[in-house]
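Each chain gets a letter, A, B and so on, in the order the sequences are listed, and its residues count up from 1.
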Amino acid sequence: MSKIITISEIANHVGEEVTVRGWLYNRTDKGKLQFLSVRDGSGIVQAVAFKKELPESDFTVAQSLTQEASIVMTGTVRADDRAPGYPGGYEIGLKNLQLIQQSEGYPISPKEHGVEFLMDNRHFWVRSLRQWAILRVRATVIRAIRNWLDDHGYLLVDTPILSGLAGENSTDLFEVDYFGEPAFLAQTGQLYNEANMMSFGKVYCFGPTFRAERSKTRRHLVEFWMVEPEMAFFNLEDLMEMEEQFVSAIVQAVLKNHEQELKILERDTSRLTQVTPPFARISYDDAVKLVAEIREKTDDPEQKELLRLDWGTDFGSPHETVIAESFDRPVFVYHYPTAVKAFYMQPVAGRPEICRSVDLLAPEGYGEITGGSERIHDAELLAERVKEVGIDPENYTWYLDLRKFGSVPHSGFGLGVERTVAWICGLPHVRETIPYARTLNRLFP
RNA sequence: UCCGCAAUAGCUCAAUCGGCAGAGCAAUCGGCUGUUAACCGAUGGGUUCCUGGUUCGAGUCCAGGUUGCGGAGCCA
C-alpha cells in the first residue's frame, strides 16, 4: 500500500510510489498513451498512463474517464518540466487506477461559458480552476483580517444577525417574522460594537450582512461579509493610520501566500506591491475640486455629464473612480458632508456641515472598500441628531444610553470582504468572490 | 426604479436584402507513445425565449410580455 498524498506536497515525494485521490479535470488520449489532469482540492497534477505500465483493465478504465469522474490512482512521482499543473513540473507515472464514480454529462466544459449558465451551475463551477484560485484567496483575506486584528489587541465580539433595530437605512432592510413581531437582518454590527468597545477597548465583529438594495452592479451583493472594528479613544487620524496598516497587511498576506493563484487569475501584481503605508489622503472639499478639474479636461461629453458634481452631494462611482485613479495607492477621502452620512458621525468643530468620516477608495476602479468615522460621543448632540434625522428614539434607547456612562471619543469602520477580494484578484465582478452569491435575481443554488 | 443591450444545438456563437438552421467545443465511435483548452476522421443532436401580427414565405420586420447582462442611483 503506497502513501496517500495531497498534490500540493508532491515535490516531497519524487521517486516514491504514491496514491492520489481526486477528480479528473481533463484528459488527453494519445492511443497507447494518455495524459490525465487530476485535481484533489490542493492542486492539479498530470498523471501519465502508458499502456504497458498498468493492468490492461486499468488502462481501459482510463480511456473511459469523463470530466469530473472520481478516481484513486497510484504511481511513481517524477520531476518533468513538461508537466503542467499546480504546482507544475511533477507528474505521476500511473501503475494503478480505480474508478469511484463515472461523471456523465458534466455541464461545465473547458470552453467558455456565459455568466448566467455559470451562476446556475455554481455548485459545479466552484470546481473550476479560476474559482478554486479566487476562493482560496478569499480564505486568506479572511484569515489575514482575523490574524492582524487578533495580533493587535482587538477582540472578536459577535453581534446579532437578527435585530429589532433598523440600523442605518430602514428602506434597505430585510424584514423577517420574529414570533409575530417584525425583525430585521443585520446591515451592520456597529451599534453593538459601540457597546462592546466600552467593555474591551478595541473590538471587531465579522459576519454576513444583508442589504435589500435593488442594485445591479459589479460591486453589489445582497448578502456580503463585512469586518467592523471599533476602537475607544481613536480619533479620525488614528483611524486612518490603523486602516492603512490593516489593509496593507491583508494585501501583503495574499501576495506572500498566493503567487500561484494570482498567476492563474492573470493578475498584474505590480500595483498591489505598492500597497503599503502611508496611503494618500484627500478631504472631501479638495476631492470635489479634483473631480471638477478632471471634468474640465475631458472631451468626452458622456464622461462630462457623469462627472457633474455639486458640493454637498455624495460621490457616485464615476467620481470615485477618477479620484482613485489620481493616486498610485489606496486613497482616503475624509470630511464628507454631514447630510450624506449617517446620523452618528461626529461633526467637524466649527464646520458642522461636514463630519469626521472617511472612506477608503481602492485603486483601479474598485471603489469604496471601507467606510468609517469618528462617532458622536456626546449624549445631547447624539440625541439632537437622532431628532434631526427623524428616527424613533424609542428604538435607540440603549444606544443613546451608552453616552451617559463614561462615554469616550471613539471611531470605527467597516471593510467589505468581497470588494477587497475582487480588487486583490483583479476581477470584474464581486459575484465570483463569494461561494454562493446572493444578488437581485439569484437565490439558487 | 430609470437608461442601454441581448435571448438560435448541452455550452460559446454564426446565419448577407425576409428565401433549405450552421460552426467550434462537449457527447458517442475510430486513429495516434509527450499532450499543454492536443490533433485527425466519423456519428447523433433544434419549440431559433413566449404570445400575437405583417408577408407567398419570419431566426430575421412590427407590438406586447418574460428572462438575463451592462450602467445609473444607493452603498461595503
Nucleotide nearest Arg419(A) (side chain, heavy atoms from C-beta), chosen from G34(B), G71(B), A76(B): A76(B)
A63(B) to G44(B) separation - P atoms, rounded to the nearest Å: 41 Å
Pair assignment for C2(B), Watson-Crick or G-U wobble, requiring both distances under 3.5 Å: G71(B)
Paired nucleotide for A23(B) [Watson-Crick or G-U wobble; both distances under 3.5 Å]: U12(B)
Proximity to the side chain of Lys216(A) - top-ranked nucleotide from C69(B), U33(B), A76(B): C69(B)
Row check, Trp423(A) ring normal vs Arg419(A) NZ/CZ: under 6.0 Å, within 45°: no
Ser215(A), nearest nucleotide to its side chain (from C75(B), C74(B), U33(B)): C74(B)
Proximity to the side chain of Glu116(A) - top-ranked nucleotide from C11(B), A76(B), G68(B): G68(B)
Rounded distance in Å between the C1' positions of C13(B) and G57(B): 26 Å
Closest listed nucleotide, where the reference is the side chain of Phe117(A) and the choices are U28(B), U12(B), A76(B): U12(B)
Given U35(B), C74(B), A72(B), the nucleotide with the shortest approach to the side chain of Leu306(A): A72(B)
Partner of Tyr344(A) by side chain to side chain donor-acceptor pair (under 3.5 Å), out of Arg385(A), Glu194(A), Gln190(A): Gln190(A)
Complement of G34(B), any strand, by Watson-Crick or G-U distances under 3.5 angstrom: none
Sugar-phosphate, base or nothing in reach of Lys51(A), heavy atoms under 4.0 Å: nothing
Sugar-phosphate only, base, or nothing, as touched by Pro107(A) at under 4.0 Å among non-hydrogen atoms: nothing
Complement of G46(B), any strand, by Watson-Crick or G-U distances under 3.5 angstrom: none
d(CG, Leu65(A); P, A26(B)) in whole Å: 16 Å
